[in-house]
Protein chains: 2
Amino acid sequence: MKDRKRVILEAAARVIARRGVRGLRMEELAAEAHVSKALVYYHFGDRAGLLHHTLRFIGDRAQRYTRHRPPGSGEPDGSLRELERRLTQELQETPEVRENSTAWGELRAGAVFDPALREGLREASTEWLREIAELLGRVAQTAPDTALVAAAERLTVLLEGLSTRWLTGALPVAHARELMRVSVTAEVEGLRAARPRAVCPVG
Amino acid sequence: MKDRKRVILEAAARVIARRGVRGLRMEELAAEAHVSKALVYYHFGDRAGLLHHTLRFIGDRAQRYTRHRPPGSGEPDGSLRELERRLTQELQETPEVRENSTAWGELRAGAVFDPALREGLREASTEWLREIAELLGRVAQTAPDTALVAAAERLTVLLEGLSTRWLTGALPVAHARELMRVSVTAEVEGLRAARPRAVCPVG
DNA sequence: GTCTATAAAGCGATAGAC
DNA sequence: GTCTATCGCTTTATAGAC
């Protein structure tokens with residue numbers, strides 16, 4: 001069997017989804033990947049190295065479903081639907097998405113106590129925020145930049161909260177998505193209403 | 001020195017804020033409390049017992065600033081200000097609040113992997129949700145119950161997300177509070193606008 | 001590259017003196 | 001009630017054969 005390295009990374013993603021980053025044991029990982037512990041050390045040096053590569057692996061994998069609009073779905077560029085999709089994409093009952101969301105949650109939770117984890121987290125969050133703010137700008141048309149960023153912050157922070165609720169079984173995934181959608185709509189309407197020339201959204 | 005038990009619990013709260021629930025080591029706790037490890041076991045049985053009592057200790061302590069309106073502040077019962085205060089109270093740079101928020105964050109993060117933690121979390125969340133929904137009802141006056149609950153869910157979930165951002169240093173506490181306040185106002189306005197007899201919020 | 005076997009360290013928990 | 005000393009399991013990490 002070739003490319004055991006990838007096999008190990010995929011196994012690590014599954015173990016992290018089951019036990020968390022802090023709960024990952026080298027022995028359980030080796031068993032999950034059907035290799036020996038020593039091989040894991042051979043490829044990744046130590047536990048920290050394995051975690052580093054796994055988190056990167058998960059992040060790269062996530063871009064597949066995060067950045068690409070489904071081809072042929074007729075979803076217009078910069079539409080409200082695209083914005084909604086981007087913000088509900090992490091709330092799906094799929095092994096890959098669950099593994100990804102779990103890992104991100106662990107990263108966030110770990111960063112509370114480990115400053116070393118914060119930089120990587122900050123980079124990803126900033127990039128994510130920028131993308132959502134830009135999309136909001138297109139959907140809402142005109143709006144001051146600070147308002148756009150603030151709205152994007154509220155939406156991305158809400159997403160993180162919803163993700164935790166989903167993963168702890170406190171909220172069914174469909175319910176979490178619904179709450180997200182309502183907030184997206186409300187934020188967009190809020191931005192539109194805040195235009196210089198205020199227009200009554202009801203009339 | 002009397003009441004070493006309380007000294008240990010206070011030390012445990014500090015250690016949890018520094019290392020997390022999962023990162024708490026009996027040895028470090030003993031050192032922090034200036035007692036021996038054996039004494040901790042004498043008073044609390046085992047690690048799980050210590051954690052159980054500590055979490056309860058922290059929860060009880062939190063009620064002091066959570067449920068009581070500051071006396072003589074002239075804050076009317078059921079006002080928008082009371083609602084805002086309740087939702088921004090967990091976002092304060094105080095040792096006590098930080099310890100409390102950290103512990104709750106750890107509990108949430110741990111519940112992703114440990115179903116045993118979920119029940120206690122669910123109870124507290126449900127109670128918290130109920131209180132916020134009720135306050136929202138008073139502030140917004142009439143509104144359908146489902147809309148009230150949904151709004152309360154969005155606000156409480158947002159609070160959890162903001163708490164994590166604050167504790168990871170991703171968001172200054174003042175900024176987090178501001179985002180929360182804006183959302184509270186928007187939700188209240190949304191509820192008012194959704195009344196049977198729709199009224200233009202701009203006019 | 002991959003394995004088995006083992007060393008080394010960390011940590012929860014207990015024994016027993018005072 | 002409180003301490004010092006220590007046990008024993010778990011887990012990371014390495015040695016060395018193939």
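Lettering follows sequence order; numbering is per chain, from 1. Because the structure is a prediction, the values reported are computed rather than measured.
One can place NZ of Lys5(A) at 11 Å from P of dT2(C), the figure rounded to the nearest angstrom. Here the C1' atom of nucleotide dG1(C) and the CG atom of Leu39(A) are 7 Å apart, to the nearest Å. Residue Phe44(A) contributes atom CZ, which lies 11 Å from atom P of dT2(C) at whole-angstrom precision.
Salt-bridge annotation for Glu127(B) and Arg130(B): present, with a side-chain N of the basic residue lying under 4.0 Å from a carboxylate O of the acidic one. Using a cut-off of 4.0 Å between Lys/Arg side-chain N and Asp/Glu carboxylate O, Glu28(B) and Arg18(B) are scored as salt-bridged. With respect to Arg192(A) and Glu189(A), no salt bridge is recorded, no charged nitrogen being found less than 4.0 Å from a carboxylate O. Comment: Glu93(A) engages Arg98(A) in a salt bridge, judged by a side-chain N to carboxylate O separation of less than 4.0 angstrom.
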Identify every side-chain donor-acceptor pair in residues 106-113 of chain B under 3.5 Å, counting partners at least two apart or on other chains, and give the distances.
| residue | atom | partner | partner atom | Å |
| --- | --- | --- | --- | --- |
| Glu106(B) | OE1 | Val21(B) | N | 2.7 |
| Glu106(B) | OE1 | Arg22(B) | N | 3.2 |
| Glu106(B) | OE2 | Arg22(A) | NH1 | 3.3 |
| Glu106(B) | OE2 | Arg22(A) | NH2 | 3.1 |

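Under the side chain to side chain donor-acceptor pair (under 3.5 Å) criterion, the residue pairs touching residues 154-163 of chain B are Arg165(A)-Glu160(B), Arg154(B)-Glu187(B), with sequence neighbours excluded. Pairs passing the salt bridge (Lys or Arg N to Asp or Glu O under 4.0 Å) check and including a residue from residues 33-57 of chain A, sequence neighbours excluded, read Glu27(A)-Lys37(A).
Residues from residues 29-36 of chain B placing a heavy atom under 4.0 Å of any atom in DNA chain D, listed by number, are Val35(B), Ser36(B).
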Set out, line by line, the N/O atom pairs under 3.5 Å between protein and nucleotides 7-11 of chain C.
| residue | atom | partner | partner atom | Å |
| --- | --- | --- | --- | --- |
| dC11(C) | OP1 | Arg25(B) | NE | 2.9 |

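With dT2(C), dT2(D), dA15(D) as the candidates, the nucleotide lying closest to the side chain of Tyr42(A) is dT2(C). In the set dT2(D), dT14(D), dG12(C), dT14(D) carries the atom at the smallest distance from any side-chain atom of Ala38(A).
With sequence neighbours left out, Phe44(A) forms a ring pair (Phe, Tyr, Trp, His ring centres under 6.0 Å) with His53(A).
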